Amino acid sequence: MRSELVKKGLEKAPHRSLFYAMGYLPSELEKPLVGVVNSANEIIPGHIHLDKIAGAVKAGVYAAGGVPVEFSTIGICDGIAMGHTGMKYSLASRELIADSVEAMVQAHGFDALVFIPNCDKIVPGMLMAAGRLDLPAVFISGGPMLAGEFQGRPVDLSNVFEAVGAVKAGRLTEKELGELEMAACPGCGSCAGMFTANSMNCITEALGMALPGNGTVPAVMARRLRMAKEAGMKIMEVWKKDLRPSKIMTARAFRNALAVDMALGCSTNTILHLPAIANERGISWDLNEINVISGRTPQLCLLSPAGPDHIEDLDKAGGIQAVMKELAKNGLIDTELVTVTTEKVSVNFASAPPPDGRVIRFLDDPCRPEGGLAVLFGNLAPGGAVVKQGAVAPEMQQRTLRARVFESEEAAVEAVLGGKIVPGDVIVIRFEGPKGGPGMREMLAPTSAVAGMGLDKEVALITDGRFSGATRGASIGHISPEAMERGPLALVQEGDTIAIDIPGRRLDLLISPQEWKERLENLQLPEPKIKSGYLLRYAAQVSSAGKGAILEPEKGRIEKCD
């Protein structure tokens, strides 16, 4: 047992004394120590109930012969952080989460780990830690929120963001907005659509690091608590078989995860997080491979914000295992890979139902013939840009538009809500990338304002920042290299013509080579927006979005003085 580092032998008498101070019995110190990594807090709806999930996990661990030891990590609510300086810390918190888990585990000698995440950066941060530490590990999320109801239809948080623009456009009253905000989020869980949190929880299941149902069983269901107890019991079997993340999170498993991502129409943020997780296992792939997988994988689900269905509907239709079973019919899933169930993928989905034909479509009758995400290249994004093509209206798939340039999210939102953006415009928001933001803020406010104003079929938005999974419309993010690294986005001027060709995977600024050369020679970068604290260090070390915005320590290395 790895935990013998802290509890066995004459020299470890002081260590044992500290365990006894906390109430542990000598007999318990003879058993494996299982770290229960819990991100519970009182600021995120998806985390408010994780104490109950942790209690069930610990009961399962104890029942199966282990000793559970709970510790915590931080978590940021992207919805509450949205639209102000707080959002600069959201993506950056992913690295803090991974690092803090590493520190706790290495310091205390745990034998195995159960991770309890639920929202945006917490899921990938914990997956990064699992890959880095390579100890037996099982994930159990807190589960999705149920959809709310407003005026006889299901709603979620994205509807509230869009309603702000609808009020400005006179399409909704402030009284109705007040009623909507009270109804949209009816209780605990990660927000009800296929936003980033639920995307990552579903992908964790597809990756093989969580039990079947992890991504879709609603937070309020007793089934979720039973699954948590099962996860606690399962980790002991995983530990006994020495089934580590290195045996599960293989390159083939990441391809499975990407295929499921495409079939579900997940958040664009998955293309930021999956490379970062894979990097911890020494796995890399070219962004073009995402287009290859998208090109051969049909989108089988149209979940909010792209369509009317929510995660609870996906769960009722059979969940992730039903989607994987249907994809496997065309060889789009590698069915021979092992998962934390200790069984192969094919065994896990064997009892899953066939598609219902509505929430989960059949392969021969998909929502779209291609996957939900696409990576665009071109002279404006030589390092790639990401779009949720499954949520883009047909009339916006190929457009030539007039650039409206903004140096921050706030300025863009003010222009949209002030009626200064008109059909035929493409909103350009730059210096919001990993380094320029810093922190690559999510921008649900401007995209929701565009949709709420009824312009989502006539106006596009491009940025070196990123978007919430709740975003819909022609919103193209992660443009690399970012403007702060003298990327082409920094060269765009008000009134320029930009060509968007999603089917052709192109994003181009239509100016002459001579004009391009002159603009590049005269380019002046702005002063850094943050000049102290964690974000200053983060900006010095962070890579481009095309690499997953991972930290590259050499970037921030301090040279020794002579």
Side-chain angles (χ1 to χ4, degrees), residues 35-55 57-58 68-108 110 113-133 135 137 139-143 145 188-191 195-201 204 209 219 267 269 272-273 276-277 280 434 437-442 466 468-469 530 532-539 541-542 548-551:
V36 178
V37 190
N38 188 3
S39 56
N41 59 54
E42 296 181 349
I43 195 64
I44 309 177
H47 293 225
I48 195 73
H49 64 303
L50 294 189
D51 56 337
K52 295 181 176 64
I53 300 292
V57 167
K58 289 190 285 186
V69 182
E70 183 179 352
F71 64 91
S72 62
T73 67
I74 64 168
I76 289 175
C77 179
D78 281 18
I80 295 174
M82 193 77 66
H84 60 93
T85 301
M87 181 48 75
K88 295 178 184 291
Y89 288 87
S90 177
L91 178 61
S93 74
R94 185 186 72 182
E95 320 307 313
L96 289 175
I97 291 163
D99 290 350
S100 67
V101 174
E102 176 193 357
M104 287 293 290
V105 171
Q106 297 291 42
H108 300 112
F110 294 110
L113 302 165
V114 178
F115 289 89
I116 310 175
N118 210 31
C119 291
D120 298 68
K121 307 314 151 310
I122 297 91
V123 184
M126 287 189 179
L127 281 167
M128 289 168 66
R132 184 184 305 173
L133 293 163
L135 291 173
F139 278 68
I140 171 67
S141 78
M145 185 185 294
C188 65
S190 48
C191 296
F195 313 146
T196 306
N198 289 324
S199 294
M200 289 306 305
N201 282 329
T204 302
M209 289 298 295
S267 164
N269 283 318
L272 197 63
H273 298 317
I277 299 163
E280 297 289 349
M440 201 180 181
R441 287 193 287 180
E442 275 190 355
R466 61 193 178 90
S468 164
I530 302 289
S532 63
Y534 174 56
L535 288 181
L536 176 66
R537 303 195 302 275
Y538 178 84
Q541 294 185 324
V542 71
I550 60 173
L551 296 188

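Keep in mind it's a predicted model, so treat the numbers as computed, not measured.
Separating the CD1 atom in Ile116 from the NZ atom in Lys52 is a distance of 13.0 Å, to the nearest 0.5 Å. The distance from the CG atom of Asp99 to the CE atom of Met104 is 14.0 Å, given to the nearest 0.5 Å. Here the straight-line distance linking atom CG of Leu535 with atom OG1 of Thr85 works out to 9.5 Å at 0.5 Å rounding. Taken to the nearest 0.5 Å, the NZ atom of Lys121 stands 6.5 Å off from the CG atom of Leu91. The OG atom of Ser93 sits 7.5 Å away from the OH atom of Tyr534 when rounded to the nearest 0.5 Å. Expressed to the nearest 0.5 Å, how far SG of Cys188 lies from CD1 of Ile48 amounts to 9.0 Å.
When side chains are defined from C-beta on, Ile122 counts as touching His47, because their heavy atoms get closer than 4.5 Å. The shortest distance between side-chain heavy atoms of Leu96 and Tyr89 does not fall below 4.5 Å. Contact check for Leu127 versus His273: no side-chain heavy atoms found under the 4.5 Å cut-off. Proximity of Phe71 to Val105: side-chain heavy atoms (C-beta onward) are separated by under 4.5 Å at one or more points. The shortest side-chain heavy-atom distance between Glu102 and Leu133 falls under the 4.5 Å cut-off. A heavy-atom distance below 4.5 Å is not found between the side chains of Arg466 and Thr196. Between Ser267 and Glu442 the shortest side-chain heavy-atom distance does not fall below 4.5 Å. Put simply, the side chain of Asn38 does not reach to within 4.5 Å of the side chain of Ser72, judged on heavy atoms.
Pairing each heavy atom of Ser39 with each of Asn118, the nearest pair is OG-N, 4.4 Å. Across all their heavy atoms, Ala98 and Ala129 have their closest contact at O-CB, 3.9 Å. Pairing each heavy atom of Phe115 with each of Ala137, the nearest pair is CE1-CB, 3.8 Å. The two residues Cys119 and Ser190 have their closest heavy-atom pair at SG-CB, 4.1 Å. In this structure, Gly142 and His49 approach most closely via the heavy-atom pair O-NE2, 2.8 Å. Among all heavy-atom pairs drawn from Val101 and Val37, the shortest one is CG2-CG1, 3.8 Å.
The environment of CD1 in Ile74 is crowded: more than 12 heavy-atom neighbours from other residues, nucleotides or ligands sit within 6.0 Å.
Screening Ile277, Asn198, Thr204, Ile97 against Val123 for a side chain to side chain contact (heavy atoms under 4.5 Å, CB included) leaves a single residue, Thr204.
Classification of Asp120 and Arg94 as a salt-bridged pair fails, no side-chain N sitting under 4.0 Å from a carboxylate O.
Although no hydrogens or angles enter the test, the distance criterion places a donor-acceptor pair under 3.5 Å between the side chain of His84 and the main chain of Gly86.
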